[in-house]
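To start, the structure under review is shown below, and the notes come after it.
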There are 2 protein chains.
Amino acid sequence: MRFSQQRETIINIIHSTKIHPTADWIYRKAKKYIPNISLGTVYRNLKQLEQDQLISTIFDGSVARFDSNMERHDHLKCKICGSLTDLTLDYDFKSTVKQKFNFIADEIEMTIIGTCSKHN
Amino acid sequence: MRFSQQRETIINIIHSTKIHPTADWIYRKAKKYIPNISLGTVYRNLKQLEQDQLISTIFDGSVARFDSNMERHDHLKCKICGSLTDLTLDYDFKSTVKQKFNFIADEIEMTIIGTCSKHN
DNA sequence: AAAAATAATAGTAATCATTACTATTTATTT
DNA sequence: AAATAAATAGTAATGATTACTATTATTTTT
Ligand SMILES: [Mn+2]
Ligand SMILES: [Mn+2]
Ligand SMILES: [Zn+2]
Ligand SMILES: [Zn+2]
């Protein structure tokens, strides 16, 4: 993977926020630095970065959002404002499903859906 | 909501399987009973049935899959064959996130991703 | 049972996010 | 500086889903 100003900008943008942005959000932000950057470039780089395990993809309904936090963690999703927030809960179901279902678990995705603290 | 043969067929199809089918899978199956049923009809009814809480929608990556099991449960997703299987795990994080984040949890979506028992 | 009212359908067009394509540009190696 | 090939911009294509509309089917009213 060769250096490019576009990729560098995309990485910086993702690392600068905790909102788990969409490709389009990243694209609009990137255009402030590189006005003629292409949306295809954003998608191509996001895919590349995911393959290289530098970011991860979260499917929020039907749109993809991107996460620079590569530690194991879960999410709170607010039904009202749509925000997605990190939290880390303690659990271990991998051994359970191995024993009960002979299922080899690689990862566990957990999203808690409800109303966030802003709406009180 | 008025009766229709199309909706009845769609409900029957969903209740007849545990595979969490996609709209297109349901459509192809429905055509065996109603050859000129429209894909739009399938989507319209699936949306209606979800609103009436008769089925639920699971977003599997970028495609929607439908679930007739309305009990609270979790899923095992196999990376190899793509199968989605029900299981019910015991946990309670709703009180935790209320206390720690002042977040009112309505539901928790948990998917355990890995390799299912078929591939041993 | 026929007429009126209106929900639901079939078929097709439109939308939206994402991916594919390709000529050109840019980074890296020689 | 020239050669090599990865990355880009711009645009076309794709695939899932939704919107639209004239027609059909179900339910209600007479
Ligand atoms: Mn996160
Ligand atoms: Mn299920
Ligand atoms: Zn909120
Ligand atoms: Zn499998």
Side-chain angles (χ1 to χ4, degrees), chain A residues 1-14 17 19-68 77 82-84 111, chain B residues 1-14 17 19-68 77 82-84 111:
Chain A
M1 188 163 58
R2 170 185 293 195
F3 168 90
S4 85
Q5 192 59 61
Q6 286 84 344
R7 181 179 304 125
E8 210 64 13
T9 303
I10 290 163
I11 291 169
N12 288 340
I13 288 168
I14 295 174
T17 183
I19 68 164
H20 305 89
T22 62
D24 195 65
W25 190 93
I26 295 164
Y27 171 58
R28 293 198 309 275
K29 212 140 230 228
K31 278 207 282 197
K32 293 176 182 171
Y33 302 96
I34 305 174
N36 69 331
I37 193 172
S38 166
L39 181 56
T41 296
V42 173
Y43 274 107
R44 188 170 3 86
N45 277 289
L46 290 169
K47 183 149 284 185
Q48 178 99 227
L49 293 169
E50 160 149 75
Q51 271 162 15
D52 293 5
Q53 318 241 47
L54 294 168
I55 64 172
S56 67
T57 304
I58 299 165
F59 288 95
D60 182 13
S62 50
V63 297
R65 296 171 68 161
F66 299 89
D67 199 340
S68 63
K77 181 178 172 184
S83 68
L84 206 63
T111 305
Chain B
M1 187 161 60
R2 172 185 291 194
F3 167 90
S4 85
Q5 192 58 59
Q6 287 83 343
R7 182 177 304 124
E8 212 63 13
T9 302
I10 289 163
I11 292 168
N12 289 341
I13 289 169
I14 295 175
T17 183
I19 68 164
H20 306 88
T22 63
D24 195 65
W25 189 94
I26 295 164
Y27 171 58
R28 292 197 311 272
K29 208 134 232 232
K31 276 207 284 197
K32 293 176 179 170
Y33 303 95
I34 305 173
N36 68 332
I37 193 172
S38 167
L39 181 56
T41 296
V42 174
Y43 274 108
R44 190 173 358 88
N45 278 290
L46 290 171
K47 183 150 284 183
Q48 179 99 230
L49 293 170
E50 159 148 76
Q51 271 162 13
D52 294 4
Q53 317 240 47
L54 295 168
I55 63 171
S56 67
T57 304
I58 297 165
F59 288 94
D60 182 13
S62 51
V63 299
R65 297 172 68 161
F66 299 90
D67 198 341
S68 62
K77 182 180 171 181
S83 68
L84 207 61
T111 305

Shortest non-hydrogen contact from A:S38 to A:Y27?
C-CE1, 3.7 Å
A:F3 atom CZ is separated from C:dT29 atom C1', nearest whole Å, by 17 Å
Do you know which two heavy atoms are closest between A:V42 and A:A23, and how far apart they sit?
CG1-O, 3.7 Å
Treating A:R7 as the side-chain partner and A:N45 as the backbone partner, does any N or O pair qualify as donor plus acceptor under 3.5 Å?
no
Please name all residues satisfying side-chain contact (heavy atoms from CB on, under 4.5 Å) with B:Q5, sequence neighbours left out, ordered by chain then number.
B:F3, B:E8, B:T9, B:I34
Contacted region of DNA chain D by chain B, from 5' end to 3' end of the hits, cut-off under 4.0 Å to heavy atoms, spans D:dA16 to D:dT27
Rounded to whole Å, the CD-C1' distance (A:Q5 to C:dT25) equals 15 Å
Axial bend angle, the helix from C:dA1-D:dT30 to C:dT30-D:dA1: five-pair end segments, nearest 10°:
30°
Minimum side-chain heavy-atom gap B:W25-B:T17 below 4.5 Å
yes
4.5 Å side-chain heavy-atom contact, B:L46 and B:I14
yes
Between C:dT29 (P) and A:R2 (CZ): distance, integer Å:
8 Å
Got A:I58 and A:F66 here, is their nearest side-chain heavy-atom distance under 4.5 Å?
no
Could you tell me how far apart A:W25 (CH2) and C:dA17 (C1') are, to the nearest whole angstrom?
18 Å
Residue pairs fulfilling salt bridge (charged side-chain N to carboxylate O under 4.0 Å, His left out) with at least one residue in residues 19-32 of chain B, sequence neighbours excluded:
B:D24-B:R28
Taking atom CD1 of A:I10 and atom CD1 of A:I26, what is their separation to the nearest 0.5 Å?
7.5 Å
Do any pairs count as a salt bridge (charged side-chain N to carboxylate O under 4.0 Å, His left out) and have a residue in residues 36-50 of chain A, sequence neighbours left out, and if so which ones?
none
Measuring from A:D60:CG to A:T22:OG1, what's the distance to the nearest 0.5 Å?
10.0 Å
Given DNA chain D, 5'-ward residue of the pair B:T22 and A:R7, judged by closest heavy atom:
A:R7
In whole Å, I'd like the distance from the CG atom of A:D24 to the P atom of C:dT19.
14 Å
For DNA chain C, which residues of residues 39-63 of chain A approach it to below 4.0 angstrom with any heavy atom?
A:L39, A:Y43, A:K47, A:V63
